[in-house]
> 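Would you mind keeping the following structure in view while I ask a few things?
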Amino acid sequence: MPPVQRRAIISGPIMVKELADQLGVKSNELIKRLIGLGVMATVNHDLDRETAVIVATEYGAEVEERASVEEREEILIQGAEDSPESLQSRPPVVTVMGHVDHGKTSLLDRIRSSRVTQSEAGGITQHIGASVISWHDHEIVFLDTPGHEAFTAMRARGAQVTDLAVLVVAADDGVMPQTIEAINHAKAAGVPMVVAVNKIDVEGAQPDRVKTELTQHGVVSDDWGGDTMVVPVSARTGEGLDQLLEAIVLQAQLLELQANPDRPAQGVIIEAKLDKGRGPVATVLVKRGTLKVGDVFLAGTVFGRVRALLTDQGERIAEAGPSIPVEVLGFNQLPDAGDDFVILTDERQAKDIADARAERTRRAADEGTRGVSLDEFYQRLKDEEVRDLNLVIKADVHGSSEALSQSLSKLSHSEARVRVLHTGVGSITETDVMLAQASGAIVIGFGVGLESKARQIAEREHVDVRTYRVIYEIIEDVERALKGMLSPKFQEIILGRAEVREIFRVPRIGAVGGCYVVDGKVLRTAQVRLLRDGAVIHEGPIASLKRFKDDVREVASGFECGIGLERFNDIKVGDVMEVFTEEEVKAS
């Protein structure tokens, strides 16, 4: 039967029922047509724009494609492009990263205390997550982020705020695991680095050894023929600070950082907090335009009007230009760090967009947004969504991680390449998962476990984390993913974790671990992965599970139990038993 109406307006995903109404056909008839096209759908199923257009065209309808709500929103928010003549130079935004105890905070404090503007402002320095310092007529903005975790968390939210990273390495300690992480996070973000070799006044300081160690991670000093400025400094005495600031200014000049100040402001939320006296307060880093008191703003799912702007000196100002961090009062509720911050002309419009975004966020949470997984990689490669297979590799020993990284990098071919963003030793941490989420990467663990918090984040953010005991299995899986032939037979489901607190020797059975179930549950029929200091010592089935002297089928979180392992007696106090089961997955 021909449709009553032959016109369909499609502006993005559209519900089956809504499309049927537009085409003047019954929902059941449309569902049958969709099944014929290989699309399994229900009345409330959202069809993507392409499918909806194909179906409507098949019915002979005249299709009008309109920009989706998100696209119209994007046009409204982005505004017109800036002309080259409207651009003016802006201060660089710098993040200080490095290993714990290498002097990041003391270096920042020293730089701040030596600046000129402090005495002029006459205000009290307050923590707003960023500070502006003046050096020989140049302004530099330092972000007070707690290192690379915050740096990556903001990238995961799509906010690229840093122009330059200062990597702090202690001259007496050298390159440490977190130093390597910071280097890899900066490289993954495409942010240039200046290295500050701190503590040169300390006994045992060896700046040249630090330079040698940095070269092993692809960071070569400019005086050794590389392109990274390495500056010896002392946060304690202030030695080398001028040279460090000069290096930052030089690097910023090379980047030719520019923005148009004569337009409505756009920026990023650096941090947000609830203040007892002032309500929701957030620090905004202006990226382009000028932010003024009275402006109507939108930040993620939050909106408001600027009631006041305060500097890091606690001084009230009327406006703030590009690269300047200011504390903003006037939010209706607390925004998230990393949210975009834009100025709109109308408060009603800001509220409508904020409400629509909140609704989309709720729906996305219900449906569960996904990162790239190894199984879907080839399909996304064909759809040209992804050309790089990004990996984060953690192994039990340094040699294994190096060997794995080299072997996997060789698997690249003309259409897809393997990029190893980070390699490390020890169990998979939440930092690893956050880096993977920000970069669309897959986490591969060899002979290591997955920390409880990391597992929760991986599940929430749909990051693909795979653990292996045999190197060639990793290589085979990645190879199959690149060729589009990956068909995983089993999916691992972590049931729970138990800590070994006592050891009992039982005649004819051997060692039994007196365990406390930390989270999840222990099933008698499950498998156990025994972790010692983050490394996998043994993997195999449970031989016995007891509560007091009774055999039981399962023990829940918060209870104690005795766990015996099949053909394994080397259990020690402090070991962690990761209990898991494997489910067969049909190849799709």
> Counting only pairs under 3.5 Å, give me each side-chain donor-acceptor contact of residues 226-235, with atom names and distances, residues two or more places apart or in other chains.
residue, atom, partner, partner atom, Å
S234, OG, D201, OD1, 3.0
S234, OG, R236, N, 3.3
S234, OG, T237, N, 3.1
S234, OG, T237, OG1, 3.1

> Only counting residues at least two apart or in another chain, list the ones meeting salt bridge (Lys or Arg N to Asp or Glu O under 4.0 Å) with R316.
none

> Is any side-chain heavy atom of I269 closer than 4.5 Å to a side-chain heavy atom of V302?
no

> Could you list the donor-acceptor pairs under 3.5 angstrom formed by side chains in residues 215-222, with sequence neighbours left out?
residue, atom, partner, partner atom, Å
T215, OG1, T212, O, 2.4
S221, OG, D223, N, 3.4
S221, OG, D223, OD1, 2.3

> By side-chain contact (heavy atoms from CB on, under 4.5 Å), which residues pair with Q456, not counting sequence neighbours?
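By the side-chain contact (heavy atoms from CB on, under 4.5 Å) rule, Q456 matches S452, K453.
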
> Throw together a table of side-chain donor-acceptor distances under 3.5 angstrom for residues 242-258, partners on residues two or more places apart or in other chains.
residue, atom, partner, partner atom, Å
D242, OD1, W135, NE1, 2.8

> Going by the ring-ring contact (aromatic ring centres under 6.0 Å, His included) test, which pairs reach into residues 312-346, not counting sequence neighbours?
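Those involving residues 312-346 are F297-F331, F297-F341.
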
> Would you please name every residue forming a side-chain contact (heavy atoms from CB on, under 4.5 Å) with E347, sequence neighbours left out?
V296, F303, R305

> Checking A395 now: which residues fulfil side-chain contact (heavy atoms from CB on, under 4.5 Å) with it, not counting sequence neighbours?
S400, S401, F446

> List the residues meeting salt bridge (Lys or Arg N to Asp or Glu O under 4.0 Å) with K351, not counting sequence neighbours, and say none if there are none.
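By the salt bridge (Lys or Arg N to Asp or Glu O under 4.0 Å) rule, K351 matches D355.
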
> Can you name the one residue among R90, R288, K287 that meets side-chain hydrogen bond (donor to acceptor under 3.5 Å, both in side chains) with S323?
R90

> Could I get the full list of side-chain hydrogen bond (donor to acceptor under 3.5 Å, both in side chains) partners for D172, not counting sequence neighbours?
none

> E459: what forms a salt bridge (Lys or Arg N to Asp or Glu O under 4.0 Å) with it, not counting sequence neighbours?
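Listed in chain order: R455.
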
> Report the residues that fulfil salt bridge (Lys or Arg N to Asp or Glu O under 4.0 Å) with D208, sequence neighbours left out, ordered by chain and then residue number.
none

